[in-house]
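Working notes for the structure below.
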Amino acid sequence: MPDCRRALSYLASLFFLFAFWWFLATIINNPGLPGPLPSLQSLVEVWWPDLARHLCISTYRVLGSLALALITGVPLGLLAGRHPVLDSFLAPLVYLLYPVPKVALLPVAMVLLGIGDATRMLVIYLVIVNQILITTRDAARQIPPQLLLSVASLGAGKISLYRQVIIPACLPEIITAGRISLGSAISVLFISETIAGNSGVGYFILDGLFRADFGAMFAGIMAMAGMGLVLYMMLNLVEYLLCPWQRQ
Amino acid sequence: MIRVINLDYTYYTAGGAVPALINLNFTVPAGQTCVLIGPSGCGKTTLLYLLGGLLQPARGEIWIGGEKIKGPRQRTAMILQDYGLLPWKTVWENAALGLALRKLTSRQQRERLQPLLAGLGLSGLEKRYPSQLSGGQKQRVAIARALSLEPDVLLMDEPFSALDALTREGLQQTLVEIQNQRRLTTVLVTHNIEEAVFLGRQIIVLTGPPGQVKAVLANEGAGREDYRFAPEFHQLCTRVRQILQR
């Protein structure tokens, strides 16, 4: 029953958001802000096959850079959290680079790598890898020493300690970092797609703006929001499957 | 048999070297229970880690069963503070961890664990996670995990300190029964005087910091069923208390 209730509360929130949007659109009464119904209509009836292609490209860019950030950030974070020597080298580096706005490197990346997927994914990667690395490192640092000693006393070697203790202990935090990074990744994706090129939902939204086709613009915005929502739900599912001890 | 000879241990912190244990000497005969008692910070836990091979002494030697300790020993089982159960593993997976790390097949694991868990009253809880257990149940899982390795030495750090009085006494009784069946050489760290006197055939009182042996007391009645009600029990408790306060 609680599952049913949760689904209902999500539906209610969705309804509330659409109602609020409709209300705003009605009082503003400007073609720049079409209501939810015309936007949905434009999404489904006019733009869907075309938009789907852009959506696939955008999803690929977000997921690819998220995967890359996890593949590199998580092992580095785990090692830095467990080995102070590595951390003493890595921490200042991360600290110095953190305030640099990575999006500002987009033009540089374009000059060096062209305007393909690699450029956009590199910039998204640079923005989110820090978040993942720092969260993972802090989680790895906070593992109670008794747990590690207990398992070591059972005869576990270094690799077993990572497999049995360190990785599972950090997994919930790593997934949370993934969720937070997902939001940043989509924001950066949008910016990167509006700068150059002719693919991706970001491009589609901006193209709608330039053609003053606000229906198309809002179809794109809804597609991007939907993509974020689905990816977010997928990360929740991953957490549900990988961290059964966390289920309430 | 456990022999500790001229043992020193020093911690190195940012502030410099901090001696934790100075010149410890004692012997625990095979099959006996020895309780280490002392104030917080006297190095009891450090001593247990040294006995378990998780730390290396600065000076001196530890011998267990004719073998000098240089690292974790196959037949030494440890139960550390807070039970050391992994929150992401079920009761069964936690109890089987030592066996899995020693590469026993799942059938062999089952053959060893099933009777152990049943004996400790844990049947039916195999699929639960530690967060779904009471403190006493968690401690039983930790005991099952330790015993699954068929150890001859059992080291325990404050095993019952987080439990309520009745659960604590029940588990102390369980420990006595295990001791009667298996004749493990046991070293138990506690700060509870009654627990020390009920369980310890030999009671080593430590002072510190830095930890030093203040007294070694023999305790013939340890583990006897009605011992808690005997006058000798209370006399010895008083004596331990006096030594600790001196």
Side-chain angles (χ1 to χ4, degrees), chain A residues 2 74 77-78 81-85 87-88 91-92 135-136 138-178 235-248, chain B residues 14 45-46 48-55 69 71-91 93-104 127-133 138 141-142 144-149 151 153-159 162:
Chain A
V74 167
L78 290 175
R82 298 310 313 171
H83 302 278
V85 180
D87 192 42
S88 64
T135 314
T136 309
D138 291 351
R141 264 191 200 158
Q142 281 160 10
I143 299 172
Q146 283 99 330
L147 279 189
L148 290 158
L149 285 170
S150 288
V151 179
S153 79
L154 293 171
K158 274 241 152 22
I159 294 170
S160 295
L161 279 180
Y162 270 92
R163 246 190 60 190
Q164 306 287 354
V165 186
I166 299 171
I167 293 173
C170 298
L171 202 54
E173 259 97 335
I174 292 170
I175 295 173
T176 301
L235 278 175
N236 275 341
L237 182 69
V238 167
E239 182 173 32
Y240 182 83
L241 293 176
L242 291 185
C243 309
W245 70 95
Q246 296 259 354
R247 292 175 202 167
Q248 288 301 322
Chain B
T45 298
T46 306
L48 206 73
Y49 288 177
L50 286 161
L51 292 173
L54 296 175
L55 296 174
I69 295 304
R73 177 176 167 271
Q74 279 264 333
R75 297 198 64 197
T76 298
M78 295 185 84
I79 300 178
L80 304 184
Q81 252 174 58
D82 304 325
Y83 323 115
L85 300 182
L86 302 176
W88 42 89
K89 288 189 183 291
T90 60
V91 165
E93 290 165 343
N94 264 300
L97 184 57
L99 299 175
L101 286 169
R102 286 176 196 186
K103 305 264 183 291
L104 266 71
K127 289 191 176 143
R128 293 216 190 162
Y129 287 97
S131 60
Q132 298 166 313
L133 300 178
K138 284 184 206 171
V141 177
R145 179 168 78 185
L147 294 181
S148 74
L149 301 173
V153 172
L154 179 60
L155 308 174
M156 286 185 280
D157 191 5
E158 306 267 7

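Atoms considered below: every heavy atom in the structure, side chains included; atoms not considered: hydrogens, waters and symmetry mates. Only a predicted model underlies this, so the values are computations on that prediction, with no experimental measurement involved. Sequence lines set the chain letters: A, B, ... in the order given, protein chains first and strands last, and positions in each chain run from 1.
The CD atom of A/Q146 lies 5.0 Å from the OH atom of B/Y49; values are rounded to the nearest 0.5 Å. To the nearest 0.5 Å, atom CG of residue B/L54 and atom CG of residue A/L148 are 11.0 Å apart.
With a threshold of 4.5 angstrom between heavy atoms, B/L155 does not approach chain A through any atom at all. With a 4.5 Å cut-off on non-hydrogen atoms, B/T45 does not touch chain A at all. For B/R102, the part lying under 4.5 angstrom from a heavy atom of chain A is the side chain only. With a 4.5 angstrom heavy-atom cutoff, A/P172 does not touch chain B via any of its atoms.
A side-chain contact (heavy atoms from CB on, under 4.5 Å) with A/S150 is found for one member of B/R145, B/Q81, B/M78 and no other, namely B/R145.
Within 6.0 Å of CG in A/L237 there are more than 12 heavy atoms belonging to other residues, nucleotides or ligands. Heavy-atom neighbours of A/R163 CZ from other residues, nucleotides or ligands within 6.0 Å: at or below the threshold of 12.
Heavy-atom pairs under 4.5 Å with chain A peak, among B/L99, B/L149, B/L86, at B/L86. Of the listed residues B/S131, B/A77, B/G98, B/G53, the one with more heavy-atom pairs under 4.5 angstrom with chain A than any other is B/G98.
Annotation for B/P87 and A/W245: closest pair O-CB, 3.3 Å, computed over non-hydrogen atoms.
Side chain of B/W88 to backbone of A/Q164: a donor-acceptor contact under 3.5 angstrom is found.
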